[in-house]
Each structure stands twice: as C-alpha cells, then as structure tokens.
Amino acid sequence: MTEKILVCTAWPYANGDLHIGHLAGAYLPPDIFARYHRLRGNNVLMVSGSDSHGTPITLKADAEGVSPVEVFERYHLRFLQTFQDIGVTYNLFTHTDTENHAKVAQDIFAACLENGFIYNHTEQQFYSETEGRFLPDRYIEGTCPKCGFDGARGDQCDNCKSLLDPTDLINPRSKNDGSTPVLRETEHFYLDLQKLNEDVLDYLSTGKEHWRPNVINFSLQYAKDGLKGRAITRDIEWGIPLPLSGYEDKRLYVWFEAVIGYFSASVEYAANVGQPELWKEWWYDPAAKTYYFIGKDNIPFHTVIWPAELMATGRRLYETDPNKQLNLPYDVPANEYLNMEGEKLSTSRNWAIWAPDLLERYDPDPIRFYLNAIAPESRDTDFTFEGFIRRNNDELVATWGNLVNRVLGFAYKRYNGKVPEIGPAGLDDADRQIIAEVEAGFQSVGDLLAAVKLKAAQEEAMRLAKAANVYLDGKAPWKAIKDDPVAAGTSVYVALRVIDNLKILFAPFLPHTCQKLHEYLGYDGQLFGRQYVEEFTETERVHKALCYDGSLAVGRWEASQLQPGQSLRKPAPLFKKLEPELAAQEIARLTQG
RNA sequence: GCUGAUGUAGCUCAGUCGGUUAGAGCACGAAACUCAUAAUUUCGGGGUCGGUGGUUCAAGUCCACCCAUCAGCACCA
C-alpha cells in the first residue's frame with residue numbers, strides 16, 4: 001500500500017550558516033527518513049525553507065547596515081548549496097518572504113479571527129520618538145532594578161540573570177541612539193490558546209504512543225499547566241502585514257507565521273509542479289502521516305501552538321468539503337542537542353563547525369554516517385573529531401567499505417569483470433542463509449527507519465555488513481579458486497548479491513556512495529532523484545528554491561535480483577581512511593577561530 | 001525557583017510485565033587468515049547500572065529524596 005508521508009523540517013533562521021548541530025538534529029534525520037520512504041515507493045513530500053523574518057535577522061541587518069532582505073537572501077543561497085552538497089533532498093526548500101507564504105499566513109490569521117480565536121488587547125510599550133517606532137525589548141537598555149547593573153536588556157539582565165519587563169528598567173534608553181523611549185499605548189492581537197486548551201489536551205492524549213517520551217511528556221505538561229493567550233502581532237516593519245485595514249504598521253509575529261510555512265510550502269510545491277490541489281493529498285487525507293523534525297527548543301511550537309493554530313482555522317482552509325479536516329502532526333521526533341568536543345555549540349563564540357566549511361574538506365557520506373551515528377535522539381551527544389575519524393576508519397571503511405572493495409575487486413580481477421555464474425551444484429546452506437539474513441534487513445532496517453529510530457537502523461545495516469564479512473571468510477573464495485574456480489565463483493556471486501542488497505539498505509544513510517556502488521555493480525540509472533535550484537517568479541517577487549525530481553529514480557526497497565554474467569565496472573574504494581592527526585589539526589583550526 | 005527529559009563498560013547505545021553470573025558495536029589484548037584501504041574473522045579482559053534510603057523472596061527495572069546535564073517557563077523561535 002502506498003503511504004502519503006509529509007516530512008517537515010525546522011525552518012532555519014537565515015542569519016548565519018548551518019552548523020553540524022543543525023544537520024544532526026534537524027536536517028539529516030528527515031532526509032534519511034524521506035529517502036527510505038521514497039525507496040519504498042511511498043508518496044513523499046519534504047518541505048521547509050529559510051525563515052526570513054524575526055529579530056535575529058533585523059539585528060544582524062542593523063549591525064551590518066544593510067537591509068534584512070540582503071541578509072536573509074545571502075544565507076538562503078548558502079543553505080541551498082549546503083543541502084545540495086550533503087544531499088538533503090527537499091521537494092521544496094523555499095523561504096517565508098514569498099507572496100504565497102504571506103497570503104497563506106494572512107488567510108490563516110483571517111480564519112482564526114473569523115472563528116473567534118483571536119482577540120485584541122491594548123498595552124503600554126516603549127516607543128522611540130527619535131526613530132518613530134516601537135522598540136523591541138532587546139533594543140532597550142537600562143539599569144537593572146534588582147542588582148543595579150547598568151547594561152541590563154529589556155528582557156533580561158545579563159549581570160544577575162533576572163528576567164525583566166522593560167518597564168522595570170531604571171533610566172531606560174534606546175540601544176540604537178541612546179534616546180529615552182516613552183511609553184505609548186498600542187493594540188495587539190492575541191491567539192486565544194486558552195480557548196483551545198481542551199482540544200489541544202485531547203489531541204495530545206490520544207494515539208501518541210509512538211512519540212518520543214520527552215516530546216509527549218513535555219507537551220502534555222505544557223498543555224496541562226494551562227495555556228495563555230499569546231500576542232501574534234508586533235509593531236515592526238520587517239514581516240508580514242495584517243490583512244486588516246487600520247493596522248498598516250503591524251506585522252504578524254514570526255512565531256505565529258513561521259510554522260505556517262509547512263502549509264504554505266506544500267501549497268507552493270503543488271503550484272510549482274502544475275497541480276495546484278496536490279498538497280491536499282498530505283493535508284486532508286486522514287491516512288497521510290505528517291512528521292516534524294525539529295530541535296528540542298522548538299517542541300511546544302510544534303506540539304501545542306501549531307496544532308492550536310490549525311484548530312483555530314476550524315481545521316479547514318481552501319477546502320469547501322465540510323467532512324475534511326486538516327491533519328495535525330502525526331509525529332514530532334524532536335532531537336536533543338549536539339555538543340562539540342565536550343562543550344555546547346556557541347555561534348557567538350564561534351564554537352561550531354560550519355557545514356560549508358566541513359563539506360569543503362570531507363565527503364558528504366562519512367559526515368552523514370557519523371552525524372547519524374551520534375544523533376541526539378534521546379539525549380545530548382558530543383561531536384569529536386577523534387570520534388569522527390575513528391568511526392570513519394574503524395566502522396565505515398573497515399566493515400562496509402572494505403567488504404565492498406574486497407568483493408568487487410576480486411570479482412572484477414578474477415572473473416573477467418563480470419558477475420560470476422552459479423555453479424551446477426547450486427547454492428548451499430551457507431549461501432542461502434546469508435542471502436536470507438541480509439534480505440531480512442528490508443524488514444528489520446525498514447521497521448526501524450519507519451519508527452524514526454535512525455541510529456538503530458544504521459547499526460542494523462552495519463550488523464548485516466559484518467555478517468557478510470563472516471560469510472566471506474568462511475567461504476574464502478581466494479583459496480577455493482585455486483582448485484575449484486566454479487565453486488568459488490558461486491560464493492563470489494552470493495557475496496555480490498548480498499552487497500547489492502546492502503546497497504539499498506545503506507542508501508538512505510549513504511546515498512552518494514551507494515550510487516557509486518550501484519554503478520560498479522554494472523547497473524545504470526540513479527537510485528534517487530535529482531536536486532536542482534529553480535527560480536520562481538510570482539507577481540512581483542522572485543525567489544530561488546531547492547527542488548527534487550524523483551521521476552527517474554530507480555532505487556527500490558526490494559531484494560536484489562542480481563543476474564550472473566552482468567558486466568561490472570572497474571571498482572574504486574567508496575571511502576577514504578582519515579589520518580588520526582587530522583583531529584588535532586581540526587581542533588587547532590577551531591581554537592584559532 | 002517551577003515543569004519535563006536524560007544519567008548503564010573509554011565512546012555510542014540495548015535492557016520488554018521487576019526474576020538465573022547486566023548485553024551489543026567500536027576502542028583495548030591475544031590468536032587465525034592474507035582477496036581487501038594493516039582492512040577481515042575468532043576468542044578474551046573491561047561496568048558496585050549518577051548518589052542515598054525504601055518497597056519486595058527478588059530492583060538497572062517500582063517509590064522518595066538528592067546530585068549532574070539539557071530544555072521550557074523570556075518580545076528567541
């Protein structure tokens with residue numbers, strides 16, 4: 001049965017490059033998952049995009065003296081490159097500064113408003129008369145009322161760590177020009193989460209057995225504590241305007257609007273492929289499964305607030321059939337955090353390994369292999385270069401790469417570059433056993449992948465590679481060939497067929513090298529589809545997005561039917577060993593900044 | 001501070017409804033082998049299961065408290 005799988009990933013803030021923590025936590029896992037489902041022949045839609053709005057981007061733009069557009073477009077293009085280099089295969093990776101996203105976000109706002117889940121509230125906020133605008137908390141400085149520290153921010157004192165309200169500050173002043181802000185009344189819109197509290201609790205209380213413990217427990221507790229209304233508008237310029245006259249200076253606040261990207265990107269994808277209704281396959285079919293891959297800091301936004309937003313629309317948008325309901329998240333496999341060399345990643349201290357930098361010096365598959373091996377599925381984990389090199393050399397190269405190399409090399413040299421024939425004696429017990437064991441991997445590895453246990457799935461594939469090594473040592477065709485080349489040929493055939501199976505089992509994790517192996521085995525075609533960047537033109541705006549075309553992909557999650565006599569291509573090692581000295585060099589690079 | 005998650009061999013992790021001497025992979029030691037990127041295979045050493053109490057015939061597994069790490073409670077999403 002063909003399943004419909006929607007794979008959503010966190011929207012990276014376009015104010016800096018991606019680092020290994022982003023990759024391991026939010027981008028590689030969904031790619032592995034999506035590739036598996038594509039091999040299964042399932043109907044996969046994987047979407048995300050750059051988050052173009054939000055304070056960090058305007059802060060960076062202000063600091064550089066450029067426009068927010070310039071900042072987010074720069075990093076957006078770099079994201080597109082990184083995802084192509086490491087092979088994160090989005091069907092659509094767009095951004096939130098498109099006409100489509102603005103329209104969808106406004107329509108959702110309007111629907112929530114119409115359904116009575118948005119209310120107004122007037123409050124006092126600091127306003128800069130010199131700049132003619134309201135100031136976000138972070139733009140205000142003053143003296144901390146608790147410790148007397150003079151550089152306290154509007155939201156928090158960096159000296160005594162107290163959480164502050166900006167009106168608490170003594171002698172408040174603007175961070176921009178030092179002028180004294182004045183309190184002024186402003187009206188804001190709030191999402192009425194209180195009204196949705198029961199519905200959210202119901203949603204979280206049923207059919208969540210497959211959720212990771214920390215995700216479901218945390219979310220339930222969050223909802224049980226009682227939800228409060230949250231402001232969803234801001235007095236800023238950079239963002240999506242409200243679809244209401246009389247509020248021209250207000251923008252949708254980014255937390256409300258960014259999660260809508262999952263929906264708007266699906267809509268955009270459908271339009272891009274010329275089937276404007278196609279997105280409904282994933283959003284309105286109750287059998288479709290929707291997955292959200294994010295970091296742990298984002299859990300409540302995806303398990304509570306996004307479902308609440310969907311509920312507030314009445315779970316229906318762009319659809320007239322009253323029997324249809326928008327799908328709420330099926331699973332939110334949030335990851336914990338990745339540390340590095342024992343310390344938390346810190347972008348401000350530059351304690352991070354940036355993806356573009358790493359991909360300049362290392363191949364994508366070893367990076368994928370290591371980052372998946374240490375993925376923070378249930379707790380924080382630690383990236384070390386020593387670990388990277390060791391796992392590359394002692395596991396990836398030694399067990400899997402070497403198996404491929406020894407079998408392909410032997411077959412190519414000793415059997416005239418062809419897959420050897422099965423001898424007249426046929427397959428013996430050992431032959432049948434290893435084939436059956438590895439073919440069982442389609443079930444065991446597949447079950448683990450479907451359950452989003454991606455580390456365990458990779459380990460299971462490695463276990464089967466090891467079993468193949470044991471088989472080979474038992475048969476020792478390099479010895480047997482001396483007095484019975486036909487029998488030895490049978491073993492080589494079996495080994496090649498086993499590798500052909502492992503090629504598919506490893507493909508979600510190691511797509512680039514499995515493609516090479518596919519070719520060495522004499523096959524044509526691409527296991528997966530093609531990634532490309534396309535420029536899309538709307539009425540007034542133009543944006544670049546990353547796309548995926550899987551129509552020509554030949555990879556199938558099925559047992560090998562390798563034919564004797566098939567011509568092999570001249571093999572070469574799939575992976576490189578790394579010098580242990582590299583670890584010290586890499587750490588030296590880091591500490592140099 | 002409040003809420004939640006996590007804490008099992010050097011590293012990454014399994015440990016189902018509590019039940020025989022706590023498991024796996026890698027690292028480490030020894031042996032075999034040589035087709036292969038000194039890769040492979042076999043065998044072995046290695047843990048008072050964060051701590052302290054408690055329940056029980058029996059606790060890594062249940063309960064209480066404590067400690068450590070992380071996250072949320074912030075106009076950061």
Side-chain angles (χ1 to χ4, degrees), chain A residues 10-13 51 53-56 59 125-126 134-140 153-156 162-166 188 212-222 224-225 228 230-231 233-236 253-259 294-302 304-305 334 336-337 339 344 370 373-382 384 386-387 390-391 393-395 397-399 401-411 413-414 453 455-456 459-460 462-463 466 468-481 488 492 495 571-578:
Chain A
W11 289 58
Y13 246 136
D51 190 342
H53 303 130
T55 318
L59 280 172
Q125 283 209 336
F126 277 118
F134 284 94
L135 295 172
D137 287 8
R138 293 198 161 198
Y139 281 74
I140 299 163
R153 294 198 317 248
D155 57 340
Q156 182 178 43
S162 304
L163 303 183
L164 302 175
D165 190 284
H188 280 296
R212 292 181 179 171
N214 64 325
V215 177
I216 187 59
N217 289 335
F218 175 78
S219 304
L220 270 174
Q221 199 53 48
Y222 190 94
K224 279 181 189 164
D225 282 348
K228 290 181 220 117
R230 287 179 71 112
T233 53
R234 287 292 179 276
D235 292 304
I236 51 177
Y253 187 45
V254 65
W255 69 257
F256 176 80
E257 162 256 296
V259 286
I294 57 166
K296 62 177 160 184
D297 53 329
N298 251 321
I299 290 172
F301 287 88
H302 291 79
V304 173
I305 291 176
E336 307 287 309
Y337 281 166
N339 295 326
K344 278 175 84 162
Y370 181 58
I374 62 164
E377 287 181 354
S378 61
R379 69 179 103 167
D380 290 358
T381 56
D382 195 29
T384 64
E386 197 194 332
R390 203 158 64 186
R391 290 192 104 114
N393 291 353
D394 299 334
E395 294 182 33
V397 173
T399 303
N402 183 55
L403 171 69
V404 170
N405 197 229
R406 66 198 294 215
V407 173
L408 282 180
F410 191 76
K413 261 185 292 193
R414 308 301 291 271
K453 294 179 177 173
K455 303 169 80 153
E459 283 167 17
E460 172 69 359
M462 284 300 280
R463 185 184 70 76
K466 186 177 166 101
N469 274 318
V470 173
Y471 164 81
L472 209 58
D473 275 39
K475 287 289 184 180
W478 50 91
K479 259 189 214 164
I481 196 170
V492 173
L574 296 178
F575 308 102
K576 293 193 274 278
K577 286 200 75 164
L578 298 171

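Throughout, protein chains are lettered first and strands after them, A, B, ... in sequence-line order, and every chain is numbered starting at 1.
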Tell me, please, which residues at least two apart from A:Lys475 pass salt bridge (Lys or Arg N to Asp or Glu O under 4.0 Å).
-> A:Asp428, A:Asp431
Whole-Å C1' distance, B:rG45 and B:rC26 | 16 Å
Starting from Watson-Crick (N1-N3 plus N6-O4 or O6-N4) and G-U wobble pairs under 3.5 Å, report the runs of at least three that RNA chain B belongs to.
-> B:1-7 with B:67-73, B:10-13 with B:23-26, B:28-32 with B:40-44, B:50-54 with B:62-66
So what does A:Phe301 hit on the nucleic acid, given a heavy-atom distance under 4.0 Å: a base, only sugar-phosphate, or nothing?
-> base
If the C1' atom of B:rA22 is compared with that of B:rU16, how far apart are they to the nearest Å?
-> 15 Å
At their closest point, which heavy atom of A:Arg212 faces which heavy atom of A:Glu377, and how far apart are they?
-> NH1-O, 3.6 Å
Using the C1' atom in both, what is the distance from B:rG7 to B:rA14, to the nearest Å?
-> 15 Å
Can you tell me, in whole Å, how much space there is between the C1' of B:rC28 and that of B:rA36?
-> 24 Å
Residue set satisfying salt bridge (Lys or Arg N to Asp or Glu O under 4.0 Å) with A:Glu460, at least two apart, ordered chain then number -> A:Arg463
Treat primed atoms plus P, OP1 and OP2 as sugar-phosphate and everything else as base, then score nucleotides 22-27 of chain B 5' to 3': B for base contact with protein heavy atoms under 4.0 Å, S for sugar-phosphate contact only, - for none.
-> ----SS
Qualifying residues under salt bridge (Lys or Arg N to Asp or Glu O under 4.0 Å), relative to A:Arg391, sequence neighbours excluded | A:Glu395
Readout for nucleotides 30-37 of chain B: B = base within 4.0 Å of protein heavy atom, S = sugar-phosphate only, - = neither; 5' to 3' it is ---SSBBB
May I ask you to say what A:Thr381 touches in the nucleic acid, namely base, sugar-phosphate or nothing, with a heavy-atom cut-off under 4.0 Å?
-> sugar-phosphate
